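One structure is given here, and the rest of the page talks about it.
We name chains A, B, ... by the order of the sequence lines, and we start the count at 1 in each one. Worth saying up front: this structure is predicted, and the values here are computed from it rather than measured.
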Number of protein chains: 2
Amino acid sequence: MAQHVHGLEDYPRPSVAVDTAVLTVAEGALCVMLLRETGKDPWRLPGTFVHPGERLVDAATRALREKAGVSSIHPRQLHVFDAPDRDDRGWVMSVAHYDVLPAASLASDRVRLVPVAELPPLVYDHAEIVAFAVDAVRGAYRGSPDPSHLLEEPFTMRGLRRLHEAVLGRRLLPDTFRRAMLSGLAATGELFAEGRGRPAELYRRA
Amino acid sequence: MAQHVHGLEDYPRPSVAVDTAVLTVAEGALCVMLLRETGKDPWRLPGTFVHPGERLVDAATRALREKAGVSSIHPRQLHVFDAPDRDDRGWVMSVAHYDVLPAASLASDRVRLVPVAELPPLVYDHAEIVAFAVDAVRGAYRGSPDPSHLLEEPFTMRGLRRLHEAVLGRRLLPDTFRRAMLSGLAATGELFAEGRGRPAELYRRA
DNA sequence: TGAATAGTGTCTTTGAGACAATATCAT
DNA sequence: ATGATATTGTCTCAAAGACACTATTCA
């Protein structure tokens, strides 16, 4: 990479960070993964500064692996938070990212899963980043069945509906939900019985 | 602003630029404002590096005023383009922005309005930025009447429809369009006659 | 059999899309 | 009157929402 070519050395540059809101569903609620450096710091999202030659998505992935022990992640860009005084360490822009992962892959003693409806105070503008991420994920779950692959296949219609109810934060009518999702599903023909009642058919994503 | 505090001085930093796609409607087509430094350079979007303490939106506004003579602009953030080799001068990220302005306010000998359907080759990834901007603007014009205030009030339903047809790049049915837009409009009660035919009612945005 | 759960039938409402009819003006 | 344009009526179709019904299983 050619550094210090004409036009680039004249400007002071900002530090560019990435911060990622990792969302999941745990105990029937949409949760965000938070961590804190020490026991008394406020909660924060995992983030890091971008290294030279690194893509933003790779920086976000690296931060999650190193700081939260999370792998197999594919962060997506949300928004740049650029208030000059947002970070008291200096001029730092944060490119917010988000991703959605199964809660099982977030098991670590370094992190805590917190329902997005009960957020504690977060550093800087991290609460705003969570709000952006929640909007993006809820939008995706309105239109298609489990776009983030939180469920293991195959799954029942009831399981899929419970997941969507957790993500959206509201109850869904079983019949309306079924008809909205069927076009994006493939029936396996297999059945799954759980306790009483008629067994449910098992589906995969189409 | 506190510079060189712990943790910030250790990392080489990228140059952060803003590039803005200014869209408008001219001669019945959605156009983007392009400029070039010299006569033989390829076409480009107006952009600049972000100055210390400056917000991205202010940098974009400054670039448009200085390089294209455009004022009264309110750029909105689209996406960060961060390929490490996207700019041959070095490590440069570009935060893409867009805005929509009346063609009359873009009159300048430094710029050219080009229909987005007939883009010439652009520098770097500027064609991709234009594509992002076109998607955003078309999405906004699908749902509500002239959200970017391109039309002077009051206007006729026909004028509004011609504008939306230009933005979306396809013909719209007069009656369907009218019914889709009426909820976002306020009828003035005044009429406007243009040549033959029944005079059209004049509307304002609701 | 009865309770519980899964799935379907169907009615209503809403809106898009499309075609046809009516209204109002210039010539 | 005739042509041109504006506006409304109405038909069809599809999808969401909601309620009621049928189907299948366990206790």
Response to the item:
Nearest heavy-atom approach of B:Asp19 to B:Leu45 is OD1-O, 4.0 Å
Response to the item:
Which of D:dA4, D:dA23, C:dA4 is nearest the side chain of B:Arg196? It is D:dA4
Worksheet, complete the sentence: Taking for A:Gly195 and for A:Thr176 the nucleotide of DNA chain D with the nearest heavy atom, the one nearer the 5' end belongs to A:Thr176
Worksheet item: Are B:Arg178 and D:dT7 close enough that a side-chain N or O sits under 4.0 Å from OP1 or OP2?
Response: yes
Worksheet item: What's the CE-P distance between A:Met181 and C:dA6, to the nearest Å?
Response: 17 Å
Practice prompt. Answer whether the closest heavy-atom distance between the side chains of A:Thr61 and A:Pro75 falls below 4.5 Å.
Written response: yes
Item to complete: May I have the distance from A:Phe177 (atom CZ) to C:dA6 (atom P), rounded to whole angstrom?
Response: 13 Å
Fill in: Shortest non-hydrogen contact from A:Tyr124 toward A:Arg86
CD2-O, 3.2 Å
Worksheet, complete the sentence: Of D:dA18, C:dG17, C:dA4, the nucleotide closest to the side chain of A:Leu173 is D:dA18
Discussion item. Using a 4.0 Å heavy-atom cut-off, does B:Glu201 contact any base of the nucleic acid, only the sugar-phosphate backbone, or nothing at all?
Written reply: sugar-phosphate
Worksheet item: Per the atom types in the model, does the base of C:dG7 pair as donor or acceptor with the side chain of A:Arg179 at under 3.5 Å?
Response: no
Worksheet item: When B:Met33 is tested against each of B:Thr24, B:Val114, B:Leu113 for side-chain contact (heavy atoms from CB on, under 4.5 Å), which residue passes?
Response: B:Leu113
Worksheet item: Whole-Å distance between C:dA16 P and B:Arg170 CZ?
Response: 12 Å
Worksheet item: Given that A:Glu194 and B:Gly197 both sit by DNA chain C, which one's nearest nucleotide is further toward the 5' end?
Response: A:Glu194
Discussion item. Can you measure A:Leu182 atom CG to C:dA6 atom P for me and round it to whole angstrom units?
Written reply: 14 Å
Practice prompt. Ignoring the backbone of B:Arg198, work out which of C:dT24, C:dG7, D:dA16 is nearest its side chain.
Written response: C:dT24
Practice prompt. Would you indicate what B:Ala200 reaches in the nucleic acid, counting non-hydrogen atoms under 4.0 angstrom: base, sugar-phosphate, or nothing?
Written response: sugar-phosphate
Discussion item. At 4.0 Å (heavy atoms only), tell me whether B:Arg158 reaches a base, stays on the sugar-phosphate, or touches nothing.
Written reply: sugar-phosphate
Worksheet item: Please give, in whole Å, the distance from D:dA6 C1' to B:Leu202 CG?
Response: 12 Å
Practice prompt. Grab the CG-C1' distance between B:Leu172 and C:dA18 for me, whole Å please.
Written response: 14 Å
Worksheet item: Going by modelled atom types, is there a donor-acceptor pair between the base of C:dT5 and the side chain of A:Arg161 at under 3.5 Å?
Response: no
Worksheet item: Rounding to a whole Å, what distance do you find between A:Met157:CE and C:dT8:C1'?
Response: 12 Å
Worksheet item: Between B:Leu56 and B:Val16, is any pair of side-chain heavy atoms under 4.5 Å apart?
Response: yes
